[in-house]
Structures are given as C-alpha cells and as structure tokens.
Protein chains: 2
Amino acid sequence: MSDDPRRLEAVVSQFRKAGLDGTLAACPVRGILDKISDKWSMLIVLELAAGPLRFNQIRRAIPDISQKMLTQTLKELQRDGLVSRKVFPTVPPAVEYQLTEIGTSVLRPFSVLVEWADANYQAIETARSSFDVPVAV
Amino acid sequence: MSDDPRRLEAVVSQFRKAGLDGTLAACPVRGILDKISDKWSMLIVLELAAGPLRFNQIRRAIPDISQKMLTQTLKELQRDGLVSRKVFPTVPPAVEYQLTEIGTSVLRPFSVLVEWADANYQAIETARSSFDVPVAV
DNA sequence: CGGAATCCCTGAGGATACTG
DNA sequence: CAGTATCCTCAGGGATTCCG
C-alpha cells in the first residue's frame with residue numbers, strides 16, 4: 001500500500017524549496033498547486049477534456065459558475081497556456097475554447113487524484129461521522 | 001503524450017455527478033478536491049510524509065503558516081482520518097502528529113501532481129510571460 | 001453570443017493576546 | 001509546549017447591468 005520512499009522524499013523536497021529563500025513564491029510546485037486549487041480551473045479543464053467547447057457550452061456544463069468567474073478562469077488558463085481560444089468572425093461571434101497540449105497533459109495527474117478520491121471518500125466520510133471534535137470555526 | 005481516453009471519460013463523468021441533483025455537495029470527488037485544495041492541507045501532509053512530527057516542528061517546517069491555521073487544518077485532517085494525534089502526558093505536554101494509512105495513501109496522487117508541476121512549470125511561466133492579456137482583476 | 005464593468009458581501013485566514 | 005479565543009482584513013467570487 002505504501003509508495004516508493006525515494007519518490008516521496010523527492011516530493012517533499014520539492015515543497016521544501018519554498019522555505020529556502022524565505023518566499024513561497026519561489027516554489028514552482030506551490031505556484032502550480034495554488035493555480036489548480038482554485039475553485040473552477042480543474043472543472044473547466046475537465047469539461048474541455050472531451051473536446052473544444054464554446055463559452056456558453058462550458059457555462060451550461062458547469063451550472064453554478066458565474067459568468068464572471070468563467071471569463072476570469074478561462075483567461076488564467078489561457079495565460080498559463082493550458083487552454084487556447086479561437087474566435088470565429090461570424091455574426092453573432094462564436095468563440096471556441098480548447099485544451100492545449102500542456103492542458104491535456106494535466107489530465108493525467110487530475111485523473112489520479114480523482115481515482116484516489118473515488119476510492120477513499122467513503123473511508124473519509126466514515127472517519128468524519130465517528131469523530132466529533134468540532135472542526136468548524 | 002495523451003492518456004487513455006476511457007480513463008479520462010470516467011474522470012469527467014465523476015465530476016458530472018455534481019450537476020445531476022443540482023447540488024455540488026453530492027459529488028464526493030468535488031468534496032475531496034475542495035478539501036485537499038485548501039491552502040495548507042497538502043503542505044502539512046507532505047511534511048508528515050517523512051514521519052511523525054510535533055506541533056511546533058510542523059510549524060517550523062512551514063514558516064508562513066499561522067498557529068491558528070495549523071491547529072485548524074490539523075483538526076480537519078484528523079477528522080477526515082488522514083492524520084492521527086498522540087498525546088504524551090509529560091510536562092510540558094508533547095503531542096505527535098502522524099499520517100494514518102489513508103493519509104499515507106494520498107501521497108501517491110500528490111506526488112503525481114508534484115511531478116507534473118515540476119515538469120511543466122517552465123512551460124507555464126514561458127506562456128505567461130509571452131501573453132499579456134491582463135488576467136488580474 | 002461573449003463578454004466587460006461595478007457593486008457588494010462572505011469567509012478564509014492573519015495578528016495578537018491569553019491559558020493549562 | 002500546545003493550544004484557545006477574538007478581532008479584523010482583504011480578496012474571491014456572486015449578482016447585476018451594460019456593450020459590440
């Protein structure tokens with residue numbers, strides 16, 4: 001059940017980089033994690049996994065995202081090179097969003113995470129219900 | 001470079017569960033991701049990867065975490081069964097935190113993510129610097 | 001259709017002080 | 001040492017309105 005210890009040490013040491021010069025911004029891994037850990041990025045990337053989608057298609061696929069957040073997150077994903085944007089000069093305009101090569105590559109780590117979540121969420125809920133230390137603030 | 005399409009479809013469909021009954025809370029995967037995507041959980045888990053640590057040891061290992069957030073996040077991790085807490089009735093008291101079995105198991109998905117981040121952060125920074133659409137609010 | 005611009009509010013999280 | 005208890009800030013993000 002346990003993983004290769006070498007691998008884990010490498011992972012931890014990656015994070016340790018953060019402390020070396022006193023600034024966490026210097027740690028690329030932390031930077032990436034901060035990005036993917038925002039509320040919508042992963043969702044959008046996963047929606048685009050099946051193929052390119054237009055603005056309102058994504059919106060309908062993620063019903064609880066606001067237009068503002070969709071716009072903003074798509075811009076961030078573009079800026080980071082995970083998503084490309086193609087405008088068709090029609091009337092009314094059509095805009096298509098698509099995963100780039102690097103955007104597609106992030107699906108693999110995502111899927112590993114999702115698998116873990118799927119395999120373990122029951123255990124977590126069990127632990128949670130049999131544990132009554134008040135966590136909430 | 002691309003992954004197994006079957007796998008990806010499964011991942012996306014996991015997320016799609018979220019929309020089915022209108023509430024995202026119903027999606028276990030989203031729930032887990034929300035958890036691990038908070039600012040400190042992953043950091044703490046990774047620090048504990050090497051072995052049990054005491055409260056102030058963790059604190060020193062993550063210099064920019066506040067005492068409040070360390071306490072709070074450790075409680076959440078306990079509640080979710082990822083971390084165990086052992087109190088030694090000495091004076092002054094010593095408290096040791098340690099990854100549980102399930103807490104250890106999450107290191108694998110983490111490490112995949114970290115590997116991806118490490119392999120791709122340069123490409124992302126490159127994309128970012130050659131892209132001047134204002135993203136920030 | 002695909003956004004941009006504004007206003008506003010909530011809550012994550014930092015700073016500080018105190019305690020068993 | 002290992003926390004609790006408050007107070008307070010500020011940025012993430014929702015709702016609404018307007019635009020080419």
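Chain letters run A, B, ... following the sequence lines, proteins first and then strands; every chain starts at 1. This is a predicted model, so every value here is computed, not measured. Note that these values count all heavy atoms, side chains included, but never hydrogens, waters or copies made by symmetry.
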Output the rounded distance in Å from CD1 (A:Ile62) to C1' (D:dG13). 15 Å
Quick one: side chain to side chain donor-acceptor pair (under 3.5 Å) partners of B:Ser84, sequence neighbours excluded? none
Minimum-distance pair of heavy atoms, taken over all atoms of A:Ala123 and B:Ile102: CB-CD1, 3.9 Å
Nearest whole Å is fine: how far is D:dA2 P from B:Ile58 CD1? 9 Å
So which protein nitrogen or oxygen atoms get under 3.5 Å of nucleotides 14-16 of chain D's nitrogens or oxygens?
unit_1, atom_1, unit_2, atom_2, d
D:dG14, OP1, A:Lys39, NZ, 3.3
D:dG14, OP2, A:Ser66, OG, 3.0
D:dG14, O6, A:Lys68, NZ, 2.4

Side chain to side chain contact (heavy atoms under 4.5 Å, CB included) between B:Leu99 and B:Leu82, intermediate numbers included: CA-CA 6 Å; B:Leu99 291 186; B:Leu82 302 189; 5.5 Å; no
Side chain to side chain contact (heavy atoms under 4.5 Å, CB included) partners for B:Pro52, two or more places apart: B:Glu96, B:Gln98
Are A:Phe55 and A:Leu74 packed together at the side-chain level, in the sense that at least one heavy-atom pair is separated by less than 4.5 angstrom? yes
By side chain to side chain contact (heavy atoms under 4.5 Å, CB included), B:Glu125 pairs with (sequence neighbours left out) B:Tyr121
So, is B:Lys75 near the phosphate of D:dG3, with a side-chain N or O under 4.0 Å from OP1 or OP2? no
Output the rounded distance in Å from CD1 (B:Ile44) to P (C:dG13). 11 Å
Length of the CD-C1' vector between B:Gln57 and D:dA2, whole Å: 13 Å
Do any N or O atoms from the side chain of A:Gln57 and from the backbone of A:Arg54 form a donor-acceptor pair under 3.5 angstrom? yes
Using whole Å, report how far CZ of A:Phe55 lies from C1' of C:dG2. 6 Å
Tell me, please, which residues at least two apart from A:Val87 pass side chain to side chain contact (heavy atoms under 4.5 Å, CB included). A:Arg85, A:Val95
Partner residues of A:Thr126 under the side chain to side chain donor-acceptor pair (under 3.5 Å) criterion, sequence neighbours left out: none
How far does the helix from C:dC1-D:dG20 to C:dG20-D:dC1 bend, going by the axes of its first and last five pairs, to the nearest 10°? 50°
Distance, rounded to the nearest Å, where B:Gln72 contributes CD and D:dG3 contributes C1': 13 Å
Round to the nearest Å and state the distance from A:Asp38 atom CG to C:dA12 atom P. 16 Å
Separation of C:dG3 C1' from A:Arg54 CZ (nearest whole Å): 13 Å
Answer whether the closest heavy-atom distance between the side chains of A:Phe110 and A:Val45 falls below 4.5 Å. yes
Return the set of residues passing side chain to side chain contact (heavy atoms under 4.5 Å, CB included) with B:Ser41 (not counting sequence neighbours), or none when no residue passes. B:Asp38, B:Thr73, B:Leu77
When you measure from every atom of DNA chain D, which of residues 83-99 of chain B have a heavy atom less than 4.0 Å away? B:Arg85, B:Pro92, B:Pro93, B:Ala94, B:Val95, B:Tyr97
